[in-house]
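The shown structure was predicted, so the numbers you read here are calculated from the model rather than taken from an experiment. A, B, ... follow the sequence lines: proteins, then strands. Residue 1 opens every chain. For the numbers below, each heavy atom of this structure counts, side chains included, while hydrogens, waters and symmetry mates do not.
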2 protein chains.
Amino acid sequence: MREKIAPERMHSECSMHLRSINDTLDIINGKWKISIIGSLGFGKKRFMELQREVEGIGAKMLSKELRELEMNKLVNRVVYDTKPVTVEYEITEYGKTLQPIIQEMARWGAQHRKKIMTRK
Amino acid sequence: MREKIAPERMHSECSMHLRSINDTLDIINGKWKISIIGSLGFGKKRFMELQREVEGIGAKMLSKELRELEMNKLVNRVVYDTKPVTVEYEITEYGKTLQPIIQEMARWGAQHRKKIMTRK
DNA sequence: CAGAATCCCCGAAGATACTG
DNA sequence: CAGTATCTTCGGGGATTCTG
């Protein structure tokens, strides 16, 4: 049985919720960031490797998104001093805290695809 | 202890994952849809009510986003035949399946805010 | 109130070329 | 390879007005 909640209480709860959601969206906005983090969840990746995996992203965008993810401490950029320089990107511990969200998105997407396929 | 996974296996797993993520992102792209669904999670809402709650959205966008959500069966539009017509939007059962994602986002956002506040 | 229509602008993002 | 720099285009989306 559902509890009754006063309308004002209800409203403030809702706006709190929305504020938290917005805080998250501010960090992972755009479609690329989630995909990038999702990809890095499977291990360190080099720049080109990421560009290949994150379908459709251009170098400029990838570069920019990575920089922003780095600023928010979600991703680490590691430079190896080889002759053509080698760069690897890896997810940080903090970045890993986003994985539950990403897992849920992957789960939902898989379910959704199944639903669309069989139903239609 | 972590299992070893062959690289090809690894790669296909990763791209499956990314594909699922993209399927989800295709449905809930933009920052508005998540907020709208999040808001409707607290109960039916009228157009203006939504516009007030979803911080910063304009009428045109709200209208467009709602139409898309409706097309994807995530939201229902209910019209009451009153003198100035009344319209209510409500989340569908299918739309509710997105709530785990949104919950996670709200949780993360709250945590993140706390972290930013205390650390800095 | 719940939107549709119109006008308009700026910034996201692609293409291309260049560099260390 | 791992980007940066430059130029350009396209459309997301705001502001405003209008209607049932």
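- Look at CD on B:Glu88: it is 15 Å from P on C:dC1, rounded to the nearest Å.
- Protein chain A touches strand DNA chain D; the 5'-most and 3'-most nucleotides with an atom under 4.0 angstrom of its non-hydrogen atoms are D:dC1 to D:dT6.
- Taking only side-chain nitrogens and oxygens, B:Ser63 comes nearer than 4.0 Å to OP1 or OP2 of C:dA4.
- Within the 4.0 angstrom heavy-atom criterion, no nucleotide atom of any strand lies near B:Tyr80.
- The shortest heavy-atom contact between B:Glu53 and A:Leu18 is O-CD1, 3.5 Å.
- For the pair B:Leu50 CG and C:dC1 P, the interatomic distance rounds to 13 Å; values are reported in whole Å.
- Summarising the geometry, the separation between CG on B:Leu66 and P on C:dA2 is reported as 11 Å, rounded to the nearest angstrom.
- Around CD of B:Glu90, the count of heavy atoms belonging to other residues, nucleotides or ligands within 6.0 Å exceeds 12.
- For B:Glu55, the CD atom is loosely surrounded, since the number of other residues' heavy atoms within 6.0 Å does not exceed 12.
- Counting non-hydrogen atoms of neighbouring residues, nucleotides and ligands closer than 6.0 angstrom, the NZ atom of A:Lys31 reaches no more than 12 such neighbours.
- Annotation: proximity of residues 69-77 of chain B to DNA chain C (heavy atom, distance under 4.0 Å) is found for B:Arg77, numbered in ascending order.
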(request) Sugar-phosphate atoms are those with a prime plus P, OP1 and OP2; base atoms are the rest. Using that split, label each nucleotide of nucleotides 12-20 of chain C B, S or - for protein heavy atoms under 4.0 Å, 5' to 3'. (result) -BB------

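- Note: B:Tyr94 and A:His112 have parallel aromatic rings, judged against thresholds of 30 and 60 degrees for the angle between ring planes.
- Going from atom CG of B:Asp81 over to atom P of C:dC1 covers 18 Å, rounded to whole Å.
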(request) Give the intermediate values and the outcome of salt bridge (charged side-chain N to carboxylate O under 4.0 Å, His left out) for residues A:Glu93 and A:Lys96. (result) CA-CA 5 Å; A:Glu93 285 307 311; A:Lys96 287 182 186 170; 3.3 Å; yes

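- Side-chain atoms of A:Thr24 never come within 3.5 Å of backbone atoms of B:Trp108 as a donor-acceptor pair (strictly under, hydrogens ignored).
- At distances below 3.5 Å, not a single donor-acceptor pair connects side-chain atoms of A:Thr86 with backbone N or O atoms of A:Thr82.
- At least one donor-acceptor pair closer than 3.5 Å links the side chain of A:Thr118 to the backbone N or O of A:Lys114.
- Side-chain N or O atoms of B:Lys33 include none that pairs as donor or acceptor with a backbone N or O of B:Leu69 at under 3.5 Å.
- Side-chain contact annotation: A:Ser63 with A:Arg67, donor-acceptor N/O pair under 3.5 Å present.
- Regarding B:Arg46, its CZ atom lies at a distance of 6 Å from the C1' atom of C:dC1, rounded to whole Å.
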